[in-house]
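Each remark here refers to the structure printed beneath this line.
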Amino acid sequence: EPEVTQTPSHQVTQMGQEVILRCVPISNHLYFYWYRQILGQKVEFLVSFYNNEISEKSEIFDDQFSVERPDGSNFTLKIRSTKLEDSAMYFCASSEGKEWSGELFFGEGSRLTVL
Amino acid sequence: DAKTTQPPSMDCAEGRAANLPCNHSTISGNEYVYWYRQIHSQGPQYIIHGLKNNETNEMASLIITEDRKSSTLILPHATLRDTAVYYCIVGFFGNEKLTFGTGTRLTIIP
């Protein structure tokens, strides 16, 4: 069964460092997303991406965040200068997009710990 | 903010039907009801969605009241692997920006 894969599964970084989280969406999917979940809190939408551009972003997704689809298979989330409050589980998701089925396919997540 | 209300936790005996309620009294006419679940800290998993009619798939059934102000997700024969947080989400069809609430933590008891 096709799945969304994310790397790394866990990353520890120092405050102020840049972090790149990587995702490989399901191959025929057209829409890509990042969500995050701070420990013990709700899953929050960050950004959606379609046709090589951001289609929607939340207030959380400020200038320190960026997304990219560099090579047609990977979808990355970059956090330019990490803060303590960026510590969270980051989930990548994808959907077919041609005909919305109501289903987002989520990856297993990348846990980011900022010290 | 999430436009749904769910009980924070529920227990269900293994093998029995688990019925998870959701209140969405402010749902608009063209908003759908979606259900996802999150097992431990894994990524959320889609279960089912519906607009007006009851829906069934291999995982669950969704019963939506006639006035659409509430719904119930039914897991017909709960197993231990169904222990998870279940999220009821309302949103417009085609809007993949899901707004998760706090969900219902369902515990299946052996």
Side-chain angles (χ1 to χ4, degrees), chain A residues 1-6 9-10 21 23-26 29-50 54-61 87-113, chain B residues 1-6 8-9 22 24 27 30-62 64 71 73 81 84-105:
Chain A
E1 188 175 319
E3 59 180 16
V4 175
T5 57
Q6 291 186 240
S9 56
H10 189 191
L21 304 179
C23 169
V24 179
I26 295 172
H29 285 190
L30 301 178
Y31 281 84
F32 315 109
Y33 314 84
W34 285 100
Y35 283 75
R36 80 171 186 189
Q37 186 174 31
I38 295 170
L39 187 63
Q41 298 188 24
K42 300 176 188 178
V43 177
E44 301 174 291
F45 169 80
L46 291 179
V47 66
S48 60
F49 190 87
Y50 171 74
I54 291 173
S55 50
E56 190 169 358
K57 60 183 181 179
S58 71
E59 292 175 353
I60 303 167
F61 195 88
S87 294
M89 183 74 91
Y90 289 81
F91 295 108
C92 174
S94 68
S95 66
E96 282 188 85
K98 291 174 200 166
E99 193 172 303
W100 171 235
S101 65
E103 182 170 8
L104 294 192
F105 292 80
F106 284 83
E108 292 296 292
S110 292
R111 180 172 298 285
L112 176 64
T113 301
Chain B
D1 275 4
K3 297 187 285 186
T4 62
T5 304
Q6 299 179 251
S9 64
C22 179
H24 32 79
I27 192 170
N30 50 358
E31 282 186 305
Y32 281 67
V33 181
Y34 302 91
W35 283 84
Y36 278 73
R37 72 181 182 183
Q38 188 175 23
I39 297 173
H40 196 46
S41 295
Q42 297 176 19
Q45 178 189 22
Y46 167 83
I47 302 172
I48 200 166
H49 75 282
L51 179 63
K52 297 181 187 177
N53 300 322
N54 299 337
E55 302 287 345
T56 295
N57 64 19
E58 65 278 3
M59 288 183 70
S61 295
L62 174 60
I64 302 174
S71 60
L73 178 75
R81 287 177 296 180
V85 178
Y86 287 77
Y87 300 100
C88 170
I89 301 167
V90 299
F92 294 101
F93 199 74
N95 181 2
E96 297 101 332
K97 174 188 167 185
L98 301 174
T99 302
F100 288 82
T102 52
T104 296
R105 182 173 298 277

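In what follows, chains carry the letters A, B, and so on, assigned in the order in which the sequence lines appear, proteins first and then strands, with residues in each chain numbered from 1.
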Quick check for you: to the nearest 0.5 Å, what is the distance between [X] atom [atom1] and [Y] atom [atom2]?
X	Y	atom1	atom2	value
Tyr87(B)	Lys42(A)	OH	NZ	10.0 Å
Ile47(B)	Glu103(A)	CD1	CD	10.5 Å
Glu44(A)	Lys97(B)	CD	NZ	11.0 Å

- Please examine the side chains of Glu108(A) and Ser41(B), heavy atoms only from C-beta on, and report whether any two atoms are closer than 4.5 Å.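 No. Closest side-chain heavy atoms not under 4.5 Å.
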- Does Phe45(A) reach the side chain of Phe100(B), with side-chain heavy atoms less than 4.5 Å apart?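 Sidechains of Phe100(B) and Phe45(A): no contact.
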- His10(A) atom NE2: more than 12 heavy-atom contacts under 6.0 Å: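 Yes, because the 6.0 Å sphere around NE2 of His10(A) holds more than 12 heavy atoms from other groups.
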- Task: Run the numbers on Phe106(A) and Tyr46(B) for side-chain contact (heavy atoms from CB on, under 4.5 Å), then give the verdict.
- Result: CA-CA 9 Å; Phe106(A) 284 83; Tyr46(B) 167 83; over 6 Å; no
- Item | Step-by-step side-chain contact (heavy atoms from CB on, under 4.5 Å) determination, Phe91(A) to Gln38(B) | CA-CA 12 Å; Phe91(A) 295 108; Gln38(B) 188 175 23; 3.6 Å; yes
- Under 4.5 Å heavy-atom distance to chain B, tell me which part of Gln37(A) shows up: side chain, backbone, both or neither.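 Side chain only.
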- Task: Using atom types as modelled and distance alone, determine if a side-chain donor or acceptor of Tyr36(B) lies under 3.5 Å from a backbone N or O of Leu104(A).
- Result: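 Checked: pair present.
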- Query: Side chain of Tyr35(A), backbone of Leu98(B): donor and acceptor closer than 3.5 Å?
  - Reply: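 Yes: the side chain of Tyr35(A) pairs with the backbone of Leu98(B).
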